[in-house]
Structures are given as structure tokens and as C-alpha cells.
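This is a predicted model, so every value here is computed, not measured. Sequence lines set the chain letters: A, B, ... in the order given, protein chains first and strands last, and positions in each chain run from 1.
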Amino acid sequence: NAGVTQTPKFQVLKTGQSMTLQCAQDMNHNSMYWYRQDPGMGLRLIYYSASEGTTDKGEVPNGYNVSRLNKREFSLRLESAAPSQTSVYFCASGWGLGNQPQHFGDGTRLSIL
Amino acid sequence: RKEVEQDPGPFNVPEGATVAFNCTYSNSASQSFFWYRQDCRKEPKLLMSVYSSGNEDGRFTAQLNRASQYISLLIRDSKLSDSATYLCVVTQAAGNKLTFGGGTRVLVKP
């Protein structure tokens with residue numbers, strides 16, 4: 001039961017470097033999401049994809065781009081990393097219905113120096 | 001004002017005791033409600049959905065008060081393993097986006 005798989009688990013970057021966080025789900029869910037979690041801020045939505053082929057901004061999209069590669073995969077890219085993007089990133093998937101919960105990957109801990 | 005607010009705690013609870021805490025939400029059009037549990041340095045996991053009539057799952061009871069715009073979670077006979085952060089989650093009527101509260105930390109002690 002893989003569920004939602006994120007890679008990498010940990011990453012350290014220098015300011016200005018780029019990287020892509022990968023996420024894949026095997027539950028055939030329509031919707032996928034990227035969140036960041038910071039101390040005292042809770043989980044905040046960065047981008048989401050309601051269905052294959054669509055992406056939309058969430059609460060904190062600046063500095064990020066996403067790609068819904070296919071129904072299973074949804075990647076998050078930092079083009080030019082900044083220290084303010086140091087955070088724990090969670091990918092989630094769900095059926096995209098308001099009354100249905102989401103399932104989370106185990107997170108990527110990203111530090112930007 | 002935050003859309004979803006929770007007392008951050010921590011709630012220090014003796015093992016075997018009962019603990020309850022609330023979560024308030026600001027949007028009266030909010031449609032669905034959930035409690036998630038998050039262990040330290042782990043991902044959030046669904047604990048239970050919250051239904052209008054209230055619902056119970058073992059030692060856990062969730063209630064919804066639409067008039068006052070809050071949901072509650074009660075844990076009976078607390079176990080050491082109940083120590084975690086409990087996240088209140090709300091969805092709006094129109095879409096599938098979840099809004100998370102900041103979490104309430106619960107520490108169950110022997």
C-alpha cells in the first residue's frame with residue numbers, strides 16, 4: 001500500500017538553486033495538492049490540480065511552479081530557491097469532492113541556505 | 001482573522017482522563033469538516049470526518065455546531081499513544097480545497 005509517495009525525503013539547497021519535488025499516488029485519485037507546513041502557520045496550500053491537465057494556485061503560490069504529468073504524478077518546482085522556502089512540503093491526493101478527505105505523503109524536509 | 005482557528009495547547013492530559021478541544025471557523029458556507037492527527041515529524045492522517053449529527057469512533061467523539069461555527073473533538077480514556085497534534089480541517093461548499101487550522105497539541109502523560 002504505497003498511497004502517496006514523495007521524493008526526496010530531505011534536501012539542502014543553496015539560495016538560487018533549483019529543484020523539483022516529485023509526488024506520485026496509486027489510488028487513482030482525480031485531485032492532487034502541494035502544501036507547505038511551517039511552525040505556527042499550519043498547512044498552507046501552494047498549488048493544486050483538480051484533474052489531469054489542470055492546475056490552480058493556492059494560498060501561497062509565489063516562487064513555485066507545478067506540473068500534473070499524468071493522473072498519478074504531480075511535481076513541484078522551485079526555480080530559484082530562497083531561504084523563505086525552507087519548510088516541510090507535503091503532497092496529497094483525493095477524489096476532489098468537498099466531503100472527501102485527502103491522503104498525504106510523508107513529506108519532504110527542505111532547507112535553503 | 002484566520003479562517004480556521006485552534007488553541008495550540010499543549011493540553012497536558014493524565015493517562016485515562018478525558019480531554020476536549022474546539023476549533024472555530026469563520027466561513028458560514030463551510031461544508032465539510034474533518035479532524036486529522038499529526039505525529040511529530042510525520043504526515044497528517046485522517047482521524048475522522050465530522051457529521052452534522054455528531055459522530056463517535058471508539059474513544060473519539062466529534063461534534064459540529066453550525067450556529068456558533070465550531071467543531072469539537074473529545075477523547076475519552078486517553079492513551080499515551082494519543083499524544084499528537086490534532087488538526088481541524090474545513091472545506092468550502094464550492095470546491096475541494098481544504099483549509100487547515102494550526103493544530104492543537106495534546107500530551108498524554110502517565
Side-chain angles (χ1 to χ4, degrees), chain A residues 1-7 9-10 21 23 25 27 29-51 54-61 74 87-111, chain B residues 1-10 23-53 55 57 60 62 64 66 71 84-105:
Chain A
N1 276 354
V4 179
T5 304
Q6 290 183 235
T7 56
K9 297 282 189 286
F10 303 92
L21 307 185
C23 175
Q25 52 96 5
M27 295 173 280
H29 285 155
N30 296 323
S31 300
M32 298 185 72
Y33 309 81
W34 276 105
Y35 295 88
R36 60 178 289 172
Q37 187 173 33
D38 303 293
M41 299 294 292
L43 279 131
R44 292 181 292 169
L45 183 65
I46 303 170
Y47 269 94
Y48 69 102
S49 170
S51 60
T54 69
T55 61
D56 285 286
K57 295 178 180 179
E59 183 184 354
V60 287
F74 188 39
S87 189
V88 181
Y89 291 85
F90 289 102
C91 176
S93 70
W95 291 114
L97 302 172
N99 61 353
Q100 296 294 315
Q102 294 175 8
H103 301 266
F104 285 79
D106 55 9
T108 296
R109 282 164 179 76
L110 181 61
S111 292
Chain B
R1 182 185 173 189
K2 291 183 181 178
E3 285 189 59
V4 180
E5 294 200 70
Q6 296 183 249
D7 182 338
C23 160
T24 59
Y25 60 95
S26 61
N27 189 337
S28 60
S30 297
Q31 193 76 1
S32 298
F33 308 88
F34 307 94
W35 283 105
Y36 278 69
R37 171 196 169 122
Q38 186 173 27
D39 294 301
C40 187
R41 301 180 70 79
K42 299 286 188 180
E43 74 275 23
K45 292 183 179 178
L46 178 69
L47 178 67
M48 58 196 303
S49 301
V50 185
Y51 302 122
S52 296
S53 56
N55 49 300
D57 183 359
F60 297 85
L64 168 62
R66 284 194 183 273
I71 65 172
T85 296
Y86 292 85
L87 304 173
C88 169
V89 183
V90 174
T91 64
Q92 310 311 318
N96 56 24
K97 292 183 287 183
L98 306 183
T99 301
F100 286 78
T104 295
R105 191 170 172 215

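- Inspection of the A/Q37 and B/Q38 side chains reveals an N or O donor paired with an N or O acceptor under 3.5 Å.
- With hydrogens and angles ignored, the 3.5 Å screen pairs a side-chain donor or acceptor of A/R109 with a backbone N or O of B/R41.
- For B/R105, the CZ atom is loosely surrounded, since the number of other residues' heavy atoms within 6.0 Å does not exceed 12.
- Taking CD of B/E43 as the start and OH of A/Y35 as the end, the distance is 14.0 Å to the nearest 0.5 Å.
- Contacts between A/L45 and chain B at a heavy-atom distance below 4.5 Å involve the side chain alone, from C-beta outward.
- With hydrogens and angles disregarded, a donor-acceptor distance shorter than 3.5 Å links the side chain of B/Y36 to the backbone of A/Q102.
- At a 4.5 Å heavy-atom cutoff, the contact between A/F104 and chain B is made by backbone and side-chain atoms alike.
- Both the backbone and the side chain of B/P44 come within contact range of chain A, with heavy atoms under 4.5 Å apart.
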